[in-house]
Amino acid sequence: LSSTSQFQQRNISYSKRWDLLPVSRDPREPEFKKEINTLTKERKDSFLSLTVGDPVIFGLVNEAVAPAINRAVEKKLFMYPEISGVQEEYRSAVSDFEKKSQGMDYDPANIVITAGVAGSMNVLHYTLLDPGDEVLTFSPLHYVGTSAYIRTLGANVIQVPALESNGWLPAPEDLRKAITPKTKLLMVNSPTNPQGTVYPDNILREIADIGAEFGIPIVSDEIYSLLTYDNVVAHPIGKFVKDNLVFTVSGVSKIFCAPGMRMGYICIKNSVEKFGKVADMVKRVGSMYGHASSGIPTPLMAAAAELYRSDLSSFRAILEKLKVRRALALKRLGEMSSLSLVRPMGALYFFPKITSKKWIDEYTFLLDLARSESVVFTPGATFGMGAEGHFRGVFMAEPSILSEAMDRLDRFLRKNAS
Ligand SMILES: Cc1ncc(COP(=O)(O)O)c(C=O)c1O
């Protein structure tokens with residue numbers, strides 16, 4: 001029998017895996033955030049922040065969301081999600097939506113319900129990655145900044161450059177060069193965050209072919225799928241994939257302007273029988289992951305199903321507002337000196353490059369700007385390699401606020417023009 005003293009000698013500790021959790025996305029980030037928080041508190045409402053990709057905080061509310069949630073509440077859908085039957089309705093509504101809006105055919109049985117795309121990514125990483133595995137992602141991309149979870153699994157993110165000089169499009173030969181025997185997953189996101197790039201069909205097809213050639217499953221983040229402009233259409237990479245496994249992830253956060261609902265999904269396209277075991281394990285882990293939190297709130301799942309079955313008129317109304325706001329931001333940015341910009345064709349952001357050499361990096365530029373003009377954007381480096389010297393702004397704000405932010409940025413650039 002162990003003596004009590006033996007127990008007392010033990011150190012209480014957390015799992016070693018969490019030593020791999022990075023403290024921040026960039027070493028400059030904590031100081032930057034601290035000063036911005038101080039300025040925000042001191043200057044209150046006069047301080048403008050165009051940083052967060054949350055439509056609701058900018059007043060973009062999809063009119064169909066509240067009635068759908070209210071109906072679920074009136075129906076008293078408060079039972080545990082897995083016995084409610086609502087899960088089946090959600091899967092089938094997502095399947096119909098994917099068919100109607102993306103032209104993709106997914107069996108509802110191959111749809112995994114998750115808490116947003118963040119939850120989808122966690123299920124996929126948790127199921128597929130072992131220590132030492134490599135996940136390829138194009139860079140810069142939102143995903144690079146949010147990939148801490150991968151590192152805690154002992155896996156590594158390998159960034160394949162998508163150069164600004166090439167309109168932020170990746171070169172398929174660079175992807176080919178980055179593949180090693182350890183490559184386990186290939187991440188694709190179109191339209192992209194932060195650049196708003198929409199990958200054309202030829203690039204999607206080449207990426208799809210390389211994935212199939214090497215037998216590397218593709219994760220396609222389509223959270224901004226319907227949010228495109230100037231008659232550009234974002235096609236799902238799944239359309240071009242033949243003999244491979246594709247996990248399409250999406251949710252209501254951006255398309256239905258409801259990130260607080262935390263509703264997302266993984267659609268598994270499994271065209272080859274040999275991948276059946278992997279696909280089944282993703283479903284099992286998805287179910288386990290759901291049970292870990294007792295699943296997704298039943299009324300919100302019912303409301304999301306209703307949104308996916310809707311005629312999308314409320315989405316189109318939001319898109320019209322976004323078109324006006326994007327046009328305003330692009331016009332103003334185009335007139336500014338010391339900035340260059342690849343036009344975003346999708347998503348919700350602009351991602352200009354600071355061409356002036358006056359600042360050593362975008363952090364010092366943005367802090368100077370915030371101190372002198374009370375407006376803040378997101379530093380580029382948080383989005384990975386190739387994003388240095390850029391910043392991301394959201395064009396979702398109301399036109400009067402967006403104009404004011406643009407006035408401030410313009411004034412600052414003029415003051416500092418050398
Ligand atoms: C490319 C991309 N994927 C996923 C997410 C997060 O989605 P969710 O709210 O569904 O977790 C974001 C949020 O900004 C994003 O930009």
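Side chains included, hydrogens not; waters and symmetry mates left out as well; all remaining heavy atoms used. Whatever order the structure lists them in is the order used to number ligands and atoms, beginning at 1.
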Engineer: Just which atoms of ligand 1 are under 4.0 Å from any heavy atom in Gly116?
Structural biologist: 10 (O), 11 (O)

Engineer: Identify the protein heavy atom lying closest to atom 5 (C) of ligand 1, giving its residue, its atom name and the separation to 0.1 Å.
Structural biologist: His142 NE2, 3.7 Å

Engineer: Do any heavy atoms of Arg262 fall under 4.0 Å from ligand 1?
Structural biologist: yes

Engineer: I need the nearest protein heavy-atom contact for atom 6 (C) of ligand 1: residue, atom name and distance, please.
Structural biologist: Val117 CB, 4.3 Å

Engineer: Would you find a donor on one side and an acceptor on the other, under 3.5 Å apart, between the side chain of Ser101 and the backbone of Phe97?
Structural biologist: yes

Engineer: Applying a 4.0 Å heavy-atom criterion (strictly less than), which segment of Asn193 is in contact with ligand 1: side chain, backbone, both, or neither?
Structural biologist: side chain

Engineer: Report yes or no: do Thr114 and Ser120 form a side-chain donor-acceptor pair below 3.5 Å?
Structural biologist: yes

Engineer: What orientation do Phe256 and Tyr308 show, parallel under 30°, tilted 30 to 60°, or perpendicular over 60°?
Structural biologist: perpendicular

Engineer: Quick one: does Tyr143 get a heavy atom under 4.0 Å from ligand 1?
Structural biologist: no

Engineer: Got Pro259 and Pro55 here, is their nearest side-chain heavy-atom distance under 4.5 Å?
Structural biologist: yes

Engineer: List every atom of ligand 1 that sits less than 4.0 Å from any heavy atom of Ala118, numbering the atoms from 1 in the order shown and giving each element.
Structural biologist: 11 (O)

Engineer: Cation-pi check, Arg392 to Tyr349: give yes when NZ or CZ is under 6.0 Å from the six-membered ring centre and within 45° of the ring axis, no otherwise.
Structural biologist: yes

Engineer: Whether the Asn62 and Ser314 side chains hold a donor-acceptor pair (N or O, under 3.5 Å, no angle test) is what I'd like checked.
Structural biologist: yes

Engineer: Answer with yes or no whether Gly251 contacts ligand 1, where contact means a heavy atom under 4.0 Å from a ligand atom.
Structural biologist: no

Engineer: Using a distance-only test with no angle check, is there a side-chain donor-acceptor pair under 3.5 angstrom linking Tyr265 and Tyr106?
Structural biologist: no

Engineer: Going by an N to O cut-off under 4.0 Å, is there a salt bridge joining Glu74 and Arg71?
Structural biologist: no

Engineer: Which one of Val252, Leu141, Val394, Asp221 has a non-hydrogen atom at the shortest distance from atom 4 (C) of ligand 1?
Structural biologist: Asp221

Engineer: List the closest protein heavy-atom neighbour of atom 9 (O) of ligand 1: residue, atom name, distance to the nearest 0.1 Å.
Structural biologist: Ser253 OG, 2.7 Å

Engineer: Under 4.0 Å from any heavy atom of Asn189, which atoms of ligand 1 are there?
Structural biologist: 1 (C)

Engineer: Any non-hydrogen atom of Lys254 lying under 4.0 Å from ligand 1?
Structural biologist: yes

